Structure formats: structure tokens, C-alpha cells
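Just so we're clear, the structure is a prediction, and the values are computed from it rather than from any experiment. Here is the naming used below: chain letters follow the sequence lines, and residue numbers restart at 1 for every chain.
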Amino acid sequence: MRRTDTCGGLRSSDIGRRACLQGWVRFSRDHGGVAFVDLADRYGITQVVFDPEDTAEADVDRIAGVMGTFARESAVSVEGIVRRRVEGTDDARNPTGEVELLVTDAVLLNRSASPPFEIGDQKEGVLPNEDTRMRYRYLDLRRTEMVGALAFRSRVVHLMRQYLERNSFLEVETPMLGRSTPEGARDYVVPSRRHPGKFYALPQSPQLFKQMLMVGGIDRYYQIARCFRDEDSRKDRQPEFTQIDMEMSFVDTEDILGTVEGMIAAVWEGLYGTELETPFPRIGYREAIERFGSDKPDMRYGLEFVKLTEVVRDAPYEIFKRIIGAGGIVAGINLGDRSSEVGRNEVDRYIQFAKDKAKLGGLTWMRCEDGVLTSNIAKYFTPGILEGIKQALKAEEGDLVFLIAGPWKATYEGGGILRRRIAEDLGLVPDDVFQFSWLVDCPMFEVDPVSGKHDAFHHPFVLPEGDIDAKDVGGACFDICLNGNELGSGSLRIHDAGLQRAVLKKIGMSDEEIERDFGWFIEALGYGAPPHGGIAMGVDRLIAILLGRDTIRDVIAFPKNKKAVSLLDNSPERIDDGKLEELQLLSLAADGLDLGDFDIDE
RNA sequence: GCCCUGGUAGUGUAGUGGCCUAUCAUGAGGCCCUGUCGAGGCCUCGACACGGAUUCGAAUUCCGUCCAGGGCGCCA
């Protein structure tokens, strides 16, 4: 018997013909005579029925015997006639629910052990702990939700490729075995047998290689690129993850943003058949921080901050005076018509949250009552200043406002955490809105307030917009955000060798280090590197957000857990001494290793 | 490295010092059942993560370890 149809394919138009289905036994129901099997594969579920009254007498015992061996989740093959279900037993929830397959022959292909958790879709779906799902990921993948996520992901990536190919992009694979670079995340490292003591590093991103492709004249490149970063994971961060990586020559920022918007709109059209509004809103870095308290602003709801520093500058309130005197800011947020839902107890909870989770020094609140702002500290403000705050925040009767104060960045970012919390508590965050946006006008460097050390705000290959020695020099870089998540970032790149050297020097590298780590790269720029730029976006994150999943693990077939362990194959694992020997490696982490006088610090 | 939350049959849970040789559901095994679809009925099986402490008595309190998740740091 060979499969003629999938378990999701049969319809009433197939009634009367023979079919052979192969799949997994999801549920079975034996009524003591007539027996049903819900046969499942990734396409759907079809009801298979064994009915002794409609079965040739010679076959009854044999088929009944075989079907008796159909344990849950076993792989089976059934052959039979497609027939209409008896009157009144259609299943409207199932696309195949008008028909059933009357068995004329059945074979057990491979019996399944009892599954460790429920695989079928159930009304009150109870999923096991995630580690159980991970250990038996191949069973977890049989679940409709997981199949759906993988299919959706495949579709998205396919649509991206279609768009990019249509627009003259070339997909080029870049090496997995490369050179460890000093900046950035920790590398995953691969020892070289042929060069004992030397190591490759797995790419954190194909950054340098895609720039080399531009030098090489591949003026439009893309890749579904696997990237590796040996850092602690989060629900949206895995040690290995996938980016849609792009790079273009002879372009300006608008070309890149427009291309990405076109690509995402094309994906949207293919996915949902609707038009996605482009261009996406653009917001400057400073403005994003000051309005939304985040460099990845969630614009699906209001609750924006308003700067109050000037309004309260002369208020005789010691805390604000001290903060403003030290160059800090004061800003406010108005809960507006939802204010009545936040009572005094909730206010106290937010004050606690602000201190504990948002790392704010404190949180000031005021409520608009009888036309004036009142609170426990209102007495420290003059009526004129209170009126100024009220007007700046557009506070109306009953409105609750929160005031935050402190150093510019930390305070706004803390406020952003608070803002999100309030929005979630008040149910202001719509889960069916997908708001893309661009964050632009970022600084080139981030200066450590203590050491004065310069760090690249994005990375040191971003084209500076001006004199790199000037204070607050900008970089030609941009982030794409979706619903408060950073999806990816891109930039125009430096294509001048001298400038590249100068930027690397600015972030603290010596001439020797620059030569050793990036000499080859800078040399390449010297051979007519074209002006170029590009972007990389996290595919896992995009898919997870679009599907409303809480973690990217749910859209990755075989993810690793929080400790970067694969519960399925139990990696990482020690390797044989023989292999270590061949690589001329010595493991200091091995059990019971006698280090003798060997000092590991030297 | 740090902080928080959790760990009870295969799975999901109840359980706040004695009502616990631990609840319920699901599952698995057995029997019954000819139109169900998470079929149903009856019976059976099966668990307190590990180590220590407190106590007359610990699933329950405390300490440590391990495991899982969320977060901080980290992630140019």
C-alpha cells in the first residue's frame, strides 16, 4: 500500500473512491464493534472507521486484529473507501469532517511507545513543562501548533526569498568557520586539528563577509544566516539564531529602508493578502527615549512621556532641585481616562515596582481633583507650577499622572519599563496590531560616563555622520522595531580604509590590534570598496511576534534551553580523550584532573 | 556572576506541621459497549527532585545541591 492522500485532504468530492492514508493514530474509539481512529499527519486529521457490518466477513477478524494493535501515536497505514459520514455525525470543526475512510485493509507500520505527554489538540490544552517538550521535541512537533509555526516560518522565509530574488539580490553563503573578533559577544570556538592551538570562531553575524561581498561586486546580497553568540539566553535570545541578512552597494539609507519595507509588505501580502502600510514611521533615537522611554518603542498605545524639566525647574521640591541641578530630567506620564482604575494601593505598587524593577530612584504621583493636581507632595509645588504640570500633561479631572526624575537615559529607560507595565495592567496593549517602526538618528559612540571610554553604539563599521572627534557625532544607522521589540539593525558602512582605522582607534584599539584583527578587512576597503550598507533582522523574533508566541523557542524546531543545553541530544557533551589529544587540547574542566603545580592563571 | 519563581504518579494538578499507607483529571493495562470524534462505563496501576536540619511527628518549616523558567549583568 502506498499513500494516495494526506490526512487533511479528503473531501465530500472524494466520496466513493479508494484511498490509502498513512499517518499517526491520534485518538481511537472502540465501541465494541464499530471502531474509529483519528489518523493524523501534518496536513490534518481524517476519521477512519472500521465497521464490521460493512466489511467482508472474511476480513472482519483480521482487520479488527490489526486495529487492536494501533496504540496511540503509532505509524499506521489504512486503505479503504471514502464515504459520507452517517447523517448527523459530521464534524464541522474539521475540514475533512464530512467524510470518513471505511477500512478495507490496515497495517501497523511502527508501534509507538506510550507518549510521555498529550499530543492531540484538546479543549483545555495542558502542555507539560518545557523541558519535557524539549526532550521529546519530535513528539512536540507533531502538535498542530508546532507544525503550524514551522509551516508559517517556512512561508515567511520563502516570501522573503521571492521578493529579494525578484529585486536582483543574490543569496550567498558565507563561512561558518571564521576568525574570532575582539569586539562584541563571546564567540563559539572551534579548534583546528591542522593548526594545533589555533581556533576558528563561529560567526556572530556575517558582517565582515557581506562587506567583502560588496567589495567583490555582489552589489545586492542576502542570506538566511545562522549566527552564534555565546551569551546567556533569554526568551528571545538563543545561542544560535537566524537572521535575514542583507547588504547593498551604491545606496543611501532610504534605499535600504525602502527595500526592507517592500520586503515586509510583500511578506504581508503573501501571508494575509492585505496591504501593509508603508513607509513605517521613523523616530529619532532621542525622541524615542524621551517619548516612549525605549530605543525600541512600542507605539501601539499612548502613555507617552512629556518633559517637565523646565516646568518644575523652580519648584521648591528638594529632590527635583537636586536632580535638575545635576543635569537630570523630570518627565511625566498621564494615565488619562484609565486613571480611575488605579487606586491608592495600585499607586503604591507602582512606586515599589519603579524602585525594584525599573531602577528608578522613586516615583511621584499626582491626581487632578477639583481642577488642581493634588498629592502627598503637592505642597512642595507652587500653584503656578502645578498648573504648568497639569497643562503640559493635559491632565483633566480625575487623571492620574506619574512623574519620574533622574539622569536622562536611566530615568527614561526606567520610565519605559514602568510604561509597559502600566499598559499591560490596564490592558492597553492590543495583541492584533503589528506596528513596525524605524529608529533613526542614533549616536555613533556611547561614552562610558565613568571611564570616558568610547564604545560603538551599534558596531564600529557604521559610517559616522560627521567628525568622529566631535561630541555627539551621529552614525548612519537604524533599527527596525516591531511592537516594542528590536527586530534588527542596519547602517551605511564605512568604505574608506583610513576612516575605518580611525573609528577602531577611537574605540580604544591600538594600531597593532587593528592590524592584527582587521588588517585584512581594511586592506580590502582600499581596493575601491563601494559605498554600501545593509541590515540584518532576526527571523526567529519576527516569526514569534507575528504568531503571538511568548518565546522564540516555539518557532525553532530544535532550540536549546536557558543553559544552552539541547535536551534532545544532550549537547554539549565531553568528547573522547582521543579527540582532545588529536586536537592537542587539555580540558581543565575534566573530572579529577590532577593539575599538579600547573597554575591556570599563567 | 547575581536576583526572583517553581519542582507531588508518564502528563497536568490538589495539598499551609498530625485529617496523607497523598486529591482529581488524563494516561497506561484489563473487561464491557455497533456512530463516536478529548467517545462512554467498570476495575487496576502509578508520585512528594536530592541531601541535611528542626520536630514526638515534615509533601508542608529551615539550609544546601540539582533541574526548569523569568529577569539583571552580558548580548559591538
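Between the base of B:C74 and the side chain of A:Arg229 there is no donor-acceptor pair shorter than 3.5 Å. Side chain A:Asn129 to base B:G7: no donor-acceptor pair is found below 3.5 Å. For B:U11, its base never sits under 3.5 Å from the side chain of A:Arg133 at any donor and acceptor pair. Side chain A:Arg83 to base B:G35: a donor-acceptor pair is found below 3.5 Å. Contact annotation: side chain of A:Lys562 to base of B:G71, donor-acceptor pair present below 3.5 Å. Judged by distance alone, with hydrogens and angles left aside, A:Arg237 brings a side-chain donor or acceptor within reach of the base of B:C74, the pair sitting under 3.5 Å. A donor and an acceptor atom never sit less than 3.5 Å apart when one is taken from the side chain of A:Glu87 and the other from the base of B:G35. Applying the 3.5 Å distance criterion, the base of B:G73 shares a donor-acceptor pair with the side chain of A:Arg234.
The ring pair (Phe, Tyr, Trp, His ring centres under 6.0 Å) pairs that include a residue from residues 471-497 of chain A are A:Trp438-A:Phe478, where partners are two or more places apart or lie in different chains.
The side chain of A:Phe27 sits closest to B:A39 out of B:U36, B:A68, B:A39. Closest to the side chain of A:Glu118, out of B:U26, B:C74, B:G35, is B:U26. Comparing B:U36, B:G69, B:G70 by their closest approach to the side chain of A:Lys235 singles out B:G70. The side chain of A:Asp38 lies closest to B:A39 when the candidates are B:G35, B:G12, B:A39.
When heavy atoms are screened at a 4.0 angstrom cut-off, A:Glu486 is found touching no nucleic acid atom at all. Across all strands, A:Asp187 comes closer than 4.0 Å to no nucleic acid atom at all (heavy-atom distances). Contacts of A:Pro128 with the nucleic acid, taken as non-hydrogen atoms under 4.0 Å apart, involve only primed sugar atoms and P, OP1 or OP2. Heavy atoms of A:Glu446 sit nowhere under 4.0 angstrom from any nucleic acid atom. A:Asn561 comes within 4.0 angstrom of sugar-phosphate atoms only, judged by non-hydrogen atoms across all strands, and of no base. A:Lys563 comes within contact range of the sugar-phosphate backbone alone, with a heavy-atom separation under 4.0 Å but no base atom that close.
Across B:C3 and B:U44, the matching P atoms stand 49 Å from one another, rounded to whole Å. Using C1' as the reference atom, B:A59 and B:G1 are 33 Å apart when rounded to the nearest Å. Between the P atoms of B:A14 and B:U23, the separation comes to 15 Å (whole Å). The C1' atoms of B:A39 and B:G35 are separated by 10 Å, rounded to the nearest whole Å. For the P atom pair drawn from B:A22 and B:C48, the interatomic distance equals 11 Å after rounding to whole Å. Between B:G17 and B:C56, the distance separating the two C1' atoms is 12 Å to the nearest Å.
Considering CG of A:Asp91 and CD of A:Glu98, their distance stands at 10.5 Å, rounded to 0.5 Å.
Remark on RNA chain B: of its neighbouring residues A:Thr132 and A:Gly33, the 5'-side contact belongs to A:Thr132, judged by nearest-heavy-atom nucleotide. Where A:Val34 and A:Pro116 meet RNA chain B, the nucleotide closest to each residue was compared, and A:Pro116 sits on the side nearer the 5' end.
Taking the 5.5 Å centre cut-off and the 30° plane limit, the aromatic side chain of A:His31 is not classed as stacked on B:G35.
At whole-Å resolution of the value, CD in A:Glu130 and P in B:G70 are 7 Å apart. Atoms CG (A:Asp131) and C1' (B:C67) sit 7 Å apart, rounded to a whole Å. Residue A:Asp455 contributes atom CG, which lies 13 Å from atom C1' of B:C74 at whole-angstrom precision. A straight line from CG of A:Leu39 to C1' of B:C37 spans 14 Å, rounded to a whole angstrom. For the pair A:Phe36 CZ and B:U34 P, the computed distance is 12 Å after rounding to whole Å. The distance between atom CG of A:Leu139 and atom C1' of B:G10, rounded to the nearest whole Å, is 12 Å. If you take CG of A:Asp230 and P of B:G1, they are 13 Å apart, rounded to a whole angstrom. Here B:G35 presents its P atom at 20 Å from CG of A:Leu101, a figure rounded to the nearest Å.
Within the 4.0 Å cut-off from OP1 or OP2 of B:U36, not a single side-chain nitrogen or oxygen of A:Arg29 is found. Within the 4.0 Å cut-off from OP1 or OP2 of B:U26, not a single side-chain nitrogen or oxygen of A:Arg72 is found. OP1 or OP2 of B:C67 has not a single side-chain nitrogen or oxygen of A:Arg135 nearer than 4.0 Å.
Between A:Phe209 and A:Trp520, the ring planes lie tilted relative to each other; the angle falls in the 30° to 60° range.
Listed by chain and number, the residues in a ring-ring contact (aromatic ring centres under 6.0 Å, His included) with A:Phe27 amount to none (sequence neighbours excluded).
With a 6.0 Å cutoff to the six-membered ring centre and a 45° limit on the axis angle, A:Arg286 counts as a cation-pi contact of A:Trp408. Geometric assessment of A:Arg133 against the ring of A:Phe117 yields a negative cation-pi assignment under the 6.0 Å and 45° thresholds.
Of the nucleotides present, B:C4 is the one that pairs with B:G69 by Watson-Crick or G-U wobble criteria, both distances under 3.5 Å.
Between A:Glu231 and A:Pro239 the shortest side-chain heavy-atom distance does not fall below 4.5 Å. Side-chain atoms of A:Gln207 and A:Arg493, non-hydrogen and from C-beta on, do get closer than 4.5 Å to each other.
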